[in-house]
Structures are given as C-alpha cells and as structure tokens.
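Okay, so here's the structure we're looking at.
Every chain is numbered from 1 and lettered A, B, ... according to where its sequence line falls, protein lines coming before strand lines.
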Protein chains: 2
Amino acid sequence: MNIRDIAKLAGVTHTTVSKILNNKGSISEETKKKVLAIIKKNNFYPSEAARRTSLGRGGEIAFVSSKYASPFISMVLEGVENSSYGTGKYEKMLSTYSTRGSSEIKDETFMKIASGRLADAVIVLALKPNEDAMKEFKKTGIPVILLESRMKGADSITVDNVSGAYDAVSYLAGSGRKHIAIIRGVTGNEEVGPVPHDREKGYKKAVTDAGLKADNNLLEEVIEYTFEEGREALDNLLARNKKTDSIFCAAGDMCALGVMQRAQELGIKIPQDISIIGFDDIPAASLVKPGLATVKQPVYELGKKAFEMAIDHAENRLLDTVNVVIKPELIIRASAG
Amino acid sequence: MNIRDIAKLAGVTHTTVSKILNNKGSISEETKKKVLAIIKKNNFYPSEAARRTSLGRGGEIAFVSSKYASPFISMVLEGVENSSYGTGKYEKMLSTYSTRGSSEIKDETFMKIASGRLADAVIVLALKPNEDAMKEFKKTGIPVILLESRMKGADSITVDNVSGAYDAVSYLAGSGRKHIAIIRGVTGNEEVGPVPHDREKGYKKAVTDAGLKADNNLLEEVIEYTFEEGREALDNLLARNKKTDSIFCAAGDMCALGVMQRAQELGIKIPQDISIIGFDDIPAASLVKPGLATVKQPVYELGKKAFEMAIDHAENRLLDTVNVVIKPELIIRASAG
DNA sequence: TTGTAGGCGTTATCAT
DNA sequence: ATGATAACGCCTACAA
C-alpha cells in the first residue's frame, strides 16, 4: 500500500495525497477530509525510506556514544530525549548508535551517517570523529555537536572539569584536611581526552591556593574507572602515605564507592578519618551509607542543550560553531562531612 | 557524489559499481579493485535511504522501550548490542526508540516502524503494541519479539517470575522466617502486565508450601517502584503487622533499598530483625551495606536471545512463533543472611 | 563480464 | 485546487 493506492481509493492523484500528507500547497477542505479519512482507515503511513530519498535528508538526529549501558550515558540520552519531545518536535526521530569501544566501528559509523546521509544532525558523546568523517560532515552540511570533547569545526558542550575539581578539593581543604589525595584516569593520551588532566589541574590549583603542596604520593591512577580499582587505589595510597586524610576521586563515583567499601573493611571511619568526594553523582551515590559527596555532572542539561543546538543547526543552517561550557555542581553528603 | 559519479570516475556504469558494493554477480578482479580504490579515495558511502527504498526493507533492527535511562533497560540493550556485534552481523544497525511512557507516542512509533518499513525486526521491551500495529507488522512480515510481555502472533521471551518469587520466599521461610511480607506493584490492570501478579503467585505458593499462611497485612502495593515508596512501604507494613520478620520486595531492588534505608533509620537490624530480598540485581544492590539479596533478572541473556531471534526471523522468515521462558537466579547477600 | 532500462515510493515543478 | 511529469539515488532483471 503506497501513496498511489491511497490516491486511487480517493479518486485523486498521488500528488494531491502527498501535498495533504505534508501540508503543502492548497487543497480544498473537502478532498483533504476525504483523503485523510482513507489514510486513517487504511492505517497508511508513508515509507520513511522513500521520503528520505526524495528529500535528500535523513530526518533523524543521531546520537553516538561508545556504548548504551552506562548510567552516565543514559542520563545524557534522557536529556536529549526529553527535550526532543518537550519542544513538540518529535517528528524528528532520535536514533542511537553505539561504537562498542571499537575505533573501527566508530569510523564506520560516522562515515555511514555522514555519507549515507542518515541524519540531519549528530550528537556525539565523549568521542572524536576522525578527520575524514569531519570533512564529510562539513561537506554534507550535517552539524556535529560534541559532548565532553572538542574539535575545531564542530560545536561542543563541555563540563568545566577544572572548576568542578577545584570546588571539591577546596571544600576538603576548607574543612581542615591537609593531605588530600586524588585518584584520576590516565592522562596525556590523545585517546582519553583532556578530562583527567583538567580535573588534576583543578585539584592542584585548589591545593596550592589552600597553602598545601601537591605530593606525588597522593596521586593514584586508574584505567577502567571501576569499583575494584577504587579498592586497590585506597590500598596503594595508604601504603605510600599513611597521613592521607581525604580523597578526591576524580575517576568517578563508582571508583569512589570502591574506596569507601575498602575503607570500611579496614576500619577506617568516613568521614572522620578520611573524607571522600567523588565525581558524577550516579544514583548509587545517594543510596550508600554514608552518602557519597560528589561533583554532579549536569548530564541532563548536557543532553537538553545538545538537542536544542542540533535542532537550531538543522533548521537554520547556522554555520558559526558554538562552544558551551557548563559548570558542574558540588554536592555535599556525609562522606565529606 | 553518488553511485554514478563513482562509475564515471572508474570508467564503468553504475550497475557495475552497485554489484561491487553488494558483492553480487560476477566482476573481474581488476575492475573490482579499481572501483573499490576510487570508492575509498572519495570516501563514498551509498545513500542508506535510497538503498532502503529500493530494497523495500529498513535494514535495521528496532529496539523499543518506554525510556532509556534505567539500569534495567540499558542492561537489556547491552545484551542486544553485544550480540549484534558479537555475531559479526553489524551490517544491520540497531536503532532505539523510546515511547516516553506515553501510549500515544507508543502507537505512533510502532505504526511508523511498521508502515514506514523502517526495520527488519522489532524488539519490544515490556510494552504491548496495539492491535493495529500488530496487524501491520504481520502484513509487512516484520517479526516482533516481545520481551517481558506476551501476545499471540508475536515471539516472546519472558522471565519466570513465579519461580523467581518462589525461590526467594522459600529461602526466607527456610531460614526460619514466619512473617514474610511482600511488596509488589499494582495488579489486575491490563496496562501493567502480569509481572506483579506472577510474583505474588510464586510468593503465595512458597508461603503455603512452607506451612505458613498468607496474610493481607503482609501485603503492600507500590505504584512507581521508587526508593521513596520503599521507605513508606516499610512504615506501612510495620504499622499493620509488628511481627514482620522478612520482606520480599517484588517491586524491585530500588524499592528494596528504600526499605533498607528506612529500616536502618528505625534502628531495625538487617538481617537479624528483618531480612530482605529484592528483585532485579541492579548495580547498587551489591554496593550497599549489607549487600542486598535479590532475584537476578537474566537481562543480558534476554537481550542476547532477542537479537538472535530477530536475526533468525529477519533472515529465514520463519513464521512459527516461539515463546522462551528464562529462569531468574536467586542471589544471596547479607540482607537475607 | 558489463551495460540498458525500469522500478522502488516519495517530493517538487509547472501547467492547467 | 488539482494533476502530469520529472527527479531523488539506489537495486536488479535481462539483454548484449
């Protein structure tokens, strides 16, 4: 059943039906009503594929991340999703793509979206499209919105990691802590991005401003940001510096929760002996005892803003790139009491 | 840049290029190599839309759920995702759709997928497509795989909720508990599905088999399955029956965590005074103290199996519907000690 | 092995 | 207000 079948049933041509379907041109109320009735009766929906071929546009907004299953990612996605419906603009579908952590799949995905003209705008979370893909996006005029990363030629929305870290560490220092440790991800590598580095920068500034001095024995590096690594990190830190009285876990809450669990096993009191602040504000942070203080990423706002920018670009074809920086928020809970 | 431009550059016709792109017909190694080189050099990818129009198929697998941001949903999705790449079949993209809890958006989404021929198979999580949509899916031959729900004419994969509940409650009874309460979702309503009902059924059977008797004062109903509701549920239960010595929270772990937190506030010792078993095994369940015993939903397997069935159907056009039932697993942690 | 011609279901243009 | 015709970019019998 296609547009021509409907036309035949209504005694008009497919052109008329198409116009009605798209609210284009002028159609008499009468035929409009008649055709619409037939469309509804037959439960007819036009072929998305054909419509896209004809329009030369994909009609969807693509969301690309390294995987689906992460509280962080799905929160961002929820922000995108909500604003996509909130604005009443849900004629544009939201399609999600995951690169499964493989750089090969990543390249493939971007090229497919760009060259295959699948989407009208692409929102990318914590990933960098390669050069070829960016060229292609530019050529096809598909706007790219980078979340948590930055490239020239693309819009970006990033979290101010320096300031988030600074606030957290300043709070620890302000409550009298003298030996503030930091646990962070690997730095210096192009692949991992600037996040760990920025957080360390904020940490160092806060430590210095508080009149303390950064000490390499107070630095611990993790790779996967896991709960398990958090447990090990605490052991390592204590082995190197027994005076450690507080920890800023820039590697995220999951890792911080590992630290907490290990501390409790060792009979270390939180926050009396060691106070802890994490990063992200994952749901579990508020469920554990004591509650985990943390730097809350404005994930929801991130997604919301991204969608708005995507729509703006897709519709107005604005060509100037925008770089938005959002400030994260320090949330104090008992672990940093 | 389209298939004809590539052809021109290579000195062949677009037909040849198409054949090469799709590995169809016989092409000399030489021209193949030449054309492929030009394709790569120009970073050419065929238009997905046109290809779909032409083929009359969507070329993607659709995943529809009520929202994205839930640990449960994203775990299922991860299962789907992993097997989609694991089988090396990632030429088929995975597109996700969310209905935002709105039945209107739900209907719209399904009709768009079905009638717009967007997908070659649809995986639906805990949602029921309406009659019209099912008819359309049948007509277009798009297989539907229902997860956690069941309809005639569609494949389904469900969790054996009765047995999961039975195991949990039997464990509580086996450890000497005499007043076992249940917290479950609303039942009897078509919209909410059979899950709460099935879990209560398992609960009742276990209670009876243990020589105890079910008592309405030991039943508490929640609506949203939230942490907050769990807190209230405990208060309500204790108000009605002070002897409550254990709780099976069929309404999920999040709710069970609420119960635990409230219990700790009230100075009730877990598991000594009251032991608790939840349902789902969300990540936080193993992070809290004491660890939350729970019935682990085989979410990952659910997703995996769903994808496999989707592919089987999409490729072999099998028409017999299959109903798979997966048994959940009881995970004992300290809260049920 | 390669090319010609027609079809997929839309939308867009330009008459009528 | 409506319709005839072409265009979108791809796929694929079938003919060469």
Side-chain angles (χ1 to χ4, degrees), chain A residues 1-36 38-39 42-60 91 112-118 120 136 139-141, chain B residues 1-36 38-39 42-60 91 112-118 120 136 139-141:
Chain A
M1 170 122 316
N2 61 27
I3 206 175
R4 287 189 159 85
D5 297 325
I6 296 291
K8 203 166 289 169
L9 254 45
V12 294
T13 49
H14 70 278
T15 313
T16 308
V17 177
S18 172
K19 279 177 187 157
I20 292 172
L21 244 18
N22 297 288
N23 273 317
K24 293 259 167 87
S26 39
I27 304 285
S28 76
E29 269 311 310
E30 197 185 359
T31 43
K32 191 181 216 165
K33 198 173 280 178
K34 186 171 61 181
V35 172
L36 244 24
I38 294 185
I39 287 177
N42 290 65
N43 249 317
F44 170 75
Y45 279 67
S47 153
E48 264 307 308
R51 133 179 286 215
R52 289 176 187 186
T53 322
S54 184
L55 289 170
R57 293 187 287 104
E60 66 184 38
E91 70 275 6
K112 213 162 178 174
I113 295 174
S115 248
R117 269 131 291 168
L118 276 167
D120 297 344
E136 200 63 25
K139 203 159 61 183
T140 53
Chain B
M1 169 122 314
N2 60 27
I3 206 175
R4 287 189 160 87
D5 296 326
I6 295 292
K8 202 167 290 170
L9 255 45
V12 295
T13 50
H14 68 277
T15 314
T16 307
V17 178
S18 172
K19 279 177 184 155
I20 292 172
L21 243 20
N22 298 289
N23 274 316
K24 291 261 167 83
S26 38
I27 304 284
S28 76
E29 270 311 311
E30 198 185 358
T31 43
K32 190 180 216 166
K33 197 172 282 178
K34 186 171 58 182
V35 172
L36 244 25
I38 293 185
I39 287 177
N42 291 66
N43 248 315
F44 171 76
Y45 280 68
S47 152
E48 266 305 311
R51 131 177 287 211
R52 289 175 186 186
T53 322
S54 183
L55 290 170
R57 292 188 289 103
E60 66 185 38
E91 71 274 4
K112 212 161 179 175
I113 295 175
S115 244
R117 270 133 289 169
L118 276 167
D120 297 345
E136 200 62 27
K139 202 159 62 182
T140 52

Using atom [atom1] of [X] as one end and atom [atom2] of [N] as the other, report the distance to the nearest whole Å.
X	N	atom1	atom2	result
B:K19	C:dA5	NZ	C1'	13 Å
A:I6	D:dT2	CD1	P	17 Å
A:N23	C:dT10	CG	P	17 Å
B:R51	C:dC8	CZ	C1'	14 Å
A:R57	D:dC8	CZ	P	16 Å
B:R4	D:dA7	CZ	P	12 Å
B:L21	D:dT12	CG	P	11 Å
A:I20	C:dT11	CD1	C1'	14 Å

[N] phosphate, OP1 or OP2: any side-chain N/O from [X] under 4.0 angstrom?
X	N	value
A:K24	C:dA12	yes
B:T53	D:dC10	no
B:T31	C:dT2	yes
A:S18	C:dT11	yes
A:N2	C:dC8	no
B:S54	C:dG7	no

For this session: Ignoring hydrogens and angles, tell me if any N or O in the side chain of A:N2 forms a donor-acceptor pair with the backbone of A:R4 under 3.5 Å.
Result: yes
Problem set entry | Main-chain N/O of B:N43 paired with A:S115 side-chain donor or acceptor, under 3.5 Å | yes
Exercise. To the nearest 10 degrees, how far apart in direction are the end axes of the helix from C:dT1-D:dA16 to C:dT16-D:dA1, each fit to five base pairs?
Worked result: 30°
Determine the contact category for [X]: base if any of its heavy atoms lies under 4.0 Å from a base atom, sugar-phosphate if only primed atoms, P, OP1 or OP2 are that close, otherwise nothing.
X	value
B:F44	sugar-phosphate
A:R52	nothing
B:S26	base

Exercise. With B:K24, which of B:I20, B:L21, B:I27, B:N22 fulfils side chain to side chain contact (heavy atoms under 4.5 Å, CB included)?
Worked result: B:N22
Seminar exercise, completed: In terms of heavy-atom contacts, A:A50 and A:S47 come closest through N-OG, 3.1 Å
For this session: Write down the atom of A:N42, the atom of A:M1, and the distance for their closest heavy-atom approach.
Result: ND2-SD, 3.7 Å
Exercise. Which nucleotide in the list C:dC14, C:dT2, C:dG9 gets nearest to the side chain of B:T16?
Worked result: C:dT2
Exercise. Of all the nucleotides listed (C:dT2, C:dG9, D:dC10), which has the minimum atom distance to the side chain of B:S47?
Worked result: D:dC10
Problem set entry | Beyond-backbone contact of A:K32 with A:N23, side-chain heavy atoms, under 4.5 angstrom | yes
Exercise. Do A:T15 and D:dA4 have a side chain to base donor-acceptor pair shorter than 3.5 Å?
Worked result: yes
For this session: Examine the base of C:dT11 for any acceptor or donor lying under 3.5 Å from a partner atom in the side chain of A:H14, and report the outcome as yes or no.
Result: yes
For this session: Drop me the distance from B:H14's NE2 to B:K19's NZ, to the nearest 0.5 angstrom.
Result: 10.0 Å
Exercise. Does a side-chain N-to-carboxylate-O contact under 4.0 Å join B:E48 and A:R52?
Worked result: no
